[in-house]
Structure formats: structure tokens, C-alpha cells
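The structure appears right after this line, and notes come after that.
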Amino acid sequence: MDDHRLVKFLMRIEDGYPNNPYHNRIHAADVLQSLHVLVVRGGLIGHGYCDEVSLTSCYLSAIIHDFEHKGVNNDYLIRVSDGLAVLYNDRSPMENHHLAASFQLMNSDEYNFLRKMPNKLRETLRKQIIEMVLATDMKQHFAIHSMFQAKMQLNGSVPSGGNGSGGKSMRTSPHPTSQDGHKVIDEDQRSLVLQVALKCADLGHLASPRVVHKKWVQYLEEEFFRQGDREKQNGLTVSPLMDREKNGITKSQVGFFDIVALPLFQSFAQAFQDATPMLDAVKDNYAMWREEAAVYANANSARSSK
Ligand code: AMP
Ligand code: ZN
């Protein structure tokens, strides 16, 4: 890699993150550090899913994964026929843009830090980065999670050990080995594992300490409310949870954890038991939201019984 061009590229990418309440450069840095921890300490390297090239793909994917984010979701871009939706035929317009805009920069002489890398390696990096960043579109969430469960032969249950901390699973290892004990990971499996790792890192704030996590959810709520404001201005129906006159996502976190977050982190920790501390941290935030939901429900019932 060309160090000088790499630094210029990283600074240009950082500059290209707008000051959205949630999808900003701090989110990108947060995802990068979460992915680093997951890959290095969560067991991906240890189980042979991540070599030097894939690690580079992971870092670059996290860094660019929300580049030039518009602060609105794909549905909004599609509904207003935004140029990106037209360009990408309504298919993951935001994620396609994060990738295409970043690769365009990478290909220009000024930022081409990979210009001396052998073609084959560069092609592998590009393929892995594209697969990982496209997988961050939440529209693909359930399909990717199901494929991960099938490929890793998971049964969808919590790792044994009560609260999921430290217990040894009774089932056989999901990591394929041949009869002579060598790893036999195929490219599809490696790709899926890397995609799910980035998806977990993208939701990494769910495993942050309570105060930090709560802030991120408030930032996301504010970004959603701003989208709701724009929908009102454009005479569009306001998307669910985006109307600032009504309840936002801070009032529906238990559902998000139940349906999206917990199954994902549980599967990941089942496949990679070294990542169990991350699952435990997510469970702690889940407990916080349940406590808040109970307080909120009590206050509501007290109000309605007056
Ligand atoms: P990304 O846009 O790449 O950051 O993908 C993650 C998506 O997950 C965000 O855009 C949100 O739509 C969604 N998300 C993340 N955290 C939460 C949360 N706590 N509650 C609801 N949705 C969330
Ligand atoms: Zn993100």
C-alpha cells in the first residue's frame, strides 16, 4: 500500500461523512473499532475466516460503509425518485453509493493507495468489500441472518450457560474441518461470516455501555424525525416512528432487540463463542429498555385511570 495516498484517502473519506445526527464519521469510527474487536478477539481469525486480505477488507468496509450518507433511508430515496434511486434502480441505492463513490476515489491517481497491489489481490479486496457493504442494507437482514444460521448449522438458540456467558455449547463445532483436522472454509462461508460480522459491528452501539448506547439511539431517533419532517414538507405519508409528534424509536427498542438485534448477536455468539461478551453487553441494554418500557407502561396506565 502507498502510505501517503492511504492517508489522503482516509482523510477524504472522513470529510465525506456529513454531520448527520447518527450516520456521521463517529459512527464509521465506532463501527470500525467494533469490527476490529469482533474479528481479532471474537474468533474470526482464530477459526480461519479472516486472513490479512480479509482483515484489510473488513477495515476498509467499515470505514466506507456509510460514506456520503444522506441522512435518510433507502425507502425515502426511492419514494422521492432521488438520483441515487434512479441510478441504482431502487436496489440499495445508499449502500451502492457508499461503495461506488469510495471506489471512484480509490481509482483516482490522488487516492489510489492500492495501485502497486497485484491485480488478483485487488480484485479479492474489491469483491469482499462490495459483499460486506451491500449486506448492511437492513432490507437484506432476515435473508442474510437465515443464510448464516443455515451455513453455520445453528439452531437459533442461545448459547448454553444460562445468561449466555461462558457456557460451552453441546453441539458440534460450526467450523468445518476435514478428516485430517485442516480447516475447509469455502469462500461463500467466509463471505457470509464477514457480512454478518460487519452487520454486528454496524449495530455495535447496542453493545456499548448503557449511557453511550442510549445516546446513539437518541441520535438515530433525531435523524429519523428529520426524515419525517422532510416527508411532511413533501406532502408524503410520514414513515413509521419518524413523526416527531408521536413516539419514536426510543419507545420501541424492545421490539427491535427481540426481532432484529438479539437473534443476530445470539447467532454470532453461537458460531463464535469468544464473541459472547458482546452478546452479554447487548443483553444488558435489552434489560435497560425493558425496564424503561415497564416504567412508561405504568405511567401511561396511571394517566389513563385518572
Ligand atoms: P446503517 O444504516 O448501515 O448504519 O445500518 C444500520 C441500520 O440499523 C440503521 O440505519 C438503522 O435503520 C438500524 N438501527 C440501528 N440501530 C437501531 C436501533 N437501536 N433501533 C432501530 N433501528 C436501528
Ligand atoms: Zn452504519
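Atoms within a ligand are numbered from 1 in the order they appear, just like the ligands themselves.
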Worksheet item: What protein heavy atom is closest to atom 22 (N) of ligand 1, reported as residue, atom name and distance in Å?
Response: Phe256 CE1, 3.4 Å
Fill in: Numbered atoms and elements of ligand 1 in range of His65, under 4.0 angstrom, heavy atoms
3 (O)
Fill in: Residue portion contacting ligand 1 (non-hydrogen atoms closer than 4.0 Å) for Asp66
side chain
Fill in: Contact atoms of ligand 1, heavy-atom distance to Val217 under 4.0 Å
19 (N)
Fill in: Centroid-centroid under 6.0 Å between Phe272 and Tyr49 rings
yes
Fill in: Matching residue for His65 among Met132, His27, Glu95 - test: side chain to side chain contact (heavy atoms under 4.5 Å, CB included)
His27
Worksheet entry | atom 1 (P) of ligand 1 - nearest protein heavy atom and its distance | Asp202 OD2, 3.2 Å
Practice prompt. Can you check the number of protein N/O/S atoms within less than 2.8 Å of the Zn ion (ligand 2)?
Written response: 4
Item to complete: Scan Lys215, Glu221, Glu222 and name whichever one has a side chain to side chain contact (heavy atoms under 4.5 Å, CB included) with Tyr219.
Response: Lys215
Discussion item. Considering His213, Met138, Lys214, Glu221 one by one, which has a heavy atom nearer to atom 8 (O) of ligand 1 than any of the others?
Written reply: Met138
Worksheet, complete the sentence: On a heavy-atom basis, the closest approach of Phe225 and Asp243 is CE2-O, 3.4 Å
Worksheet item: atom 17 (C) of ligand 1: which of Asn285, Leu220, Val260 has the nearest heavy atom?
Response: Leu220
Practice prompt. Examine ligand 1 and decide if any of its atoms is less than 4.0 Å from a heavy atom belonging to His23.
Written response: yes
Which donor-acceptor pairs under 3.5 Å do the side chains of residues 3-12 make with protein atoms, sequence neighbours left out?
| unit_1 | atom_1 | unit_2 | atom_2 | d |
| --- | --- | --- | --- | --- |
| Arg5 | NE | Asp109 | O | 2.7 |
| Arg5 | NH1 | Asp2 | OD2 | 2.7 |
| Lys8 | NZ | Glu110 | OE2 | 3.4 |

Worksheet item: Hey, is Glu291 close enough to Arg210 for a salt bridge, meaning N to O under 4.0 Å?
Response: yes
Discussion item. Check this for me: does any side-chain nitrogen of one of Lys214 and Glu292 sit under 4.0 Å from a carboxylate oxygen of the other?
Written reply: yes
Worksheet item: Strictly under 4.0 Å, does any heavy atom of Met94 approach an atom of ligand 1?
Response: no
Worksheet entry | Contacting atoms of ligand 1, where contact means under 4.0 angstrom from a heavy atom of His27 | 4 (O)
Worksheet item: Under 6.0 Å between ring centres, would you say that holds for His213 and Phe257?
Response: yes
Item to complete: Look at the rings of His69 and His98 and say which category their plane angle falls in: under 30° parallel, 30 to 60° tilted, over 60° perpendicular.
Response: parallel
Discussion item. Just to check, does Phe257 reach to within less than 4.0 Å of ligand 1 when the distance is taken from its heavy atoms?
Written reply: no
Item to complete: Verify the distance criterion only: is there a donor paired with an acceptor across the side chains of Ser191 and Asp188 at less than 3.5 Å?
Response: no
Worksheet item: Does some side-chain heavy atom of Leu44 sit less than 4.5 Å from a side-chain heavy atom of Leu194?
Response: yes
Response to the item:
In ligand 1, the atoms that come under 4.0 Å of a heavy atom of Leu203 are 8 (O), 15 (C), 16 (N)
Worksheet item: Using 4.0 Å as the upper bound for N to carboxylate O, is an ion pair formed by Arg190 and Glu187?
Response: yes
Worksheet item: Gln253 to ligand 1: N or O pair under 3.5 Å?
Response: yes
Fill in: Distance-minimising heavy-atom pair for Ala197 and Leu38
O-CD1, 3.6 Å
Practice prompt. Could you tell me which atoms of ligand 1, counted from 1 in the order shown, lie closer than 4.0 angstrom to a heavy atom of His205?
Written response: 16 (N), 19 (N)
Practice prompt. From atom 12 (O) of ligand 1, work out which of Trp289, Tyr219, Phe224 has a heavy atom at the shortest distance.
Written response: Phe224
